[in-house]
2 protein chains.
Amino acid sequence: MNIGEAAGRAGVSAKMVRHYESIGLLHPRRLENGYRVYAEPEIAVLRFIRHARELGFPMEDVRRLLALWRDRRRASAEVKRLALDHVAALEEKAAALQAMARSLRHLAAHCHGDGRPDCPILDELETGRMPGEAPAPPDCCGT
Amino acid sequence: MNIGEAAGRAGVSAKMVRHYESIGLLHPRRLENGYRVYAEPEIAVLRFIRHARELGFPMEDVRRLLALWRDRRRASAEVKRLALDHVAALEEKAAALQAMARSLRHLAAHCHGDGRPDCPILDELETGRMPGEAPAPPDCCGT
DNA sequence: GTGGGGGTTCCCATCATGGGAAGGTCAAGG
DNA sequence: CCTTGACCTTCCCATGATGGGAACCCCCAC
């Protein structure tokens, strides 16, 4: 099977298949003309990578997960630790994004949103203060 | 004021100050020796940029917000639209991250996490199926 | 005049992915 | 047999925002 078909069956782009190979995640056989050849085990690896990426694992974690997957003597504790560390990272990022969304939604709620120029959103960006917030004392934290 | 002091007062790195200049967000005067010179208006711009970045706006939005901020005849509706579009983007990203976290947490909850090798997390990465989920019909969607 | 702490430009790296050029290969069909 | 088109190969470049670092210049205090 050529790279195009393999990529299609695994649900990733041929470009990324080459990339995964270049970082050492799989090692397809080559024909004499240089073409890469894939069979079921390689497809399985590519699908594994895709699923891990869909769960947001960075490539470095994917590499470790692949190694654990291949190691029949792995301890599931290791996999679980990797997963839970990643869950913590995901939740931290999600919380940060939601905090931004909440602040900005609050600001937007105070903005007329009409033809007039005054706008608490721009005010906040200028001053770093939310609408109605007390001015910082003059020697505050450098903002 | 030199770039180091300006960066410190605005709460950004000197490196980023130069970068913001390179993409046209500010245009500090230069001394004969090539040094950049900053005064209060530039500091205000840098703080504005920092606050917008802290709310997660991409630089392209920051550029637009800066233009609106400088335009005393702006319509606050434009600012509000930018802000609410960004809120939607933030919430979409946050939701995606949380969905990943939820799936992964669910998988991890089913993993013994001990010295044994069997692990529903690896199983899901291999098959794309959550624990207990029915096998897909043989001609399913290519996964 | 020298040392140290700035400043300047330029290049490279991140992370995962895509775009595209230049060229080789293969299969089908006229 | 030759063309055409689809596919493959490698290599370079770009993203977005940021940091690291080299090589070099400048200024002030001692």
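Because the structure is predicted, anything quoted here is derived from the model rather than measured. Order of the sequence lines fixes the chain letters, A, B, ..., with proteins taken first and strands second; residue numbering starts at 1 for each chain.
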Self-check item: Closest to side chain of Y35(A), choosing from dC7(D), dG6(C), dT18(D)
Solution: dC7(D)

Quiz prompt | Separation of dA17(D) C1' from H19(B) NE2 (nearest whole Å) | solution = 6 Å

Practice problem: Starting from C1' on dG16(D), measure out to CZ on F57(B) and report it in whole angstrom. | Solution: 17 Å

Self-check item: Options dC8(D), dT9(C), dT17(C), nucleotide nearest the side-chain atoms of R30(B)
Solution: dT9(C)

Quiz prompt | N or O in side chain of R18(A) less than 4.0 angstrom from dC11(D) OP1/OP2 | solution = no

Quiz item: Can R47(A) and E124(B) be counted as an ion pair, charged N to O under 4.0 angstrom?
Solution: no

Quiz prompt | Pair R116(A) + D114(A), salt bridge at N-O below 4.0 Å | solution = yes

Quiz prompt | Whole-Å distance separating the CD atom of E54(A) from the P atom of dA16(C) | solution = 15 Å

Quiz item: Under 4.0 Å between a side-chain N or O of R36(B) and OP1 or OP2 of dT9(C)?
Solution: yes

Self-check item: Nucleotide of dT17(C), dC10(C), dT9(D) approaching K15(B) most closely (side-chain heavy atoms)
Solution: dC10(C)

Quiz item: When you check the gap from the basic side-chain N to the acidic O, do R105(B) and E91(A) get nearer than 4.0 Å?
Solution: yes

Practice problem: Send over the distance from D61(B) CG to dG16(D) P, rounded to a whole Å. | Solution: 12 Å

Practice problem: Answer yes or no: is there an ion pair linking E54(B) with R50(B), defined by an N-O contact shorter than 4.0 Å? | Solution: yes

Quiz item: Between dC26(C) and N33(A), is there an OP1 or OP2 to side-chain N/O distance shorter than 4.0 Å?
Solution: yes

Practice problem: Establish, with yes or no, whether the OP1 or OP2 oxygen of dT18(D) is under 4.0 angstrom from a side-chain nitrogen or oxygen of R53(B). | Solution: yes

Quiz item: Between dT8(C) atom P and L31(B) atom CG, what is the distance in whole Å?
Solution: 9 Å

Quiz prompt | dT17(C) OP1/OP2 closer than 4.0 Å to side-chain N/O of S13(A) | solution = no

Practice problem: Starting at atom CD of E60(A), determine the distance to atom P of dA16(C), rounded to an integer number of angstrom. | Solution: 8 Å

Quiz item: Would you say a side-chain N or O of Y20(B) is under 4.0 Å from OP1 or OP2 of dT18(D)?
Solution: yes

Quiz item: From dC8(D), dA16(C), dT18(D), pick the nucleotide closest to the side chain of N2(A)?
Solution: dC8(D)

Quiz item: In whole angstrom, what separates M1(B)'s CE from dG7(C)'s P?
Solution: 12 Å

Quiz item: Would you call R18(B) and E21(B) a salt bridge, using N to O less than 4.0 angstrom?
Solution: no

Self-check item: Toward the 5' end of DNA chain D, by each residue's nearest nucleotide, P58(B) or G4(A)
Solution: G4(A)

Quiz item: Expressed in angstrom and rounded to an integer, what is the separation of E5(A) atom CD from dC8(D) atom P?
Solution: 9 Å

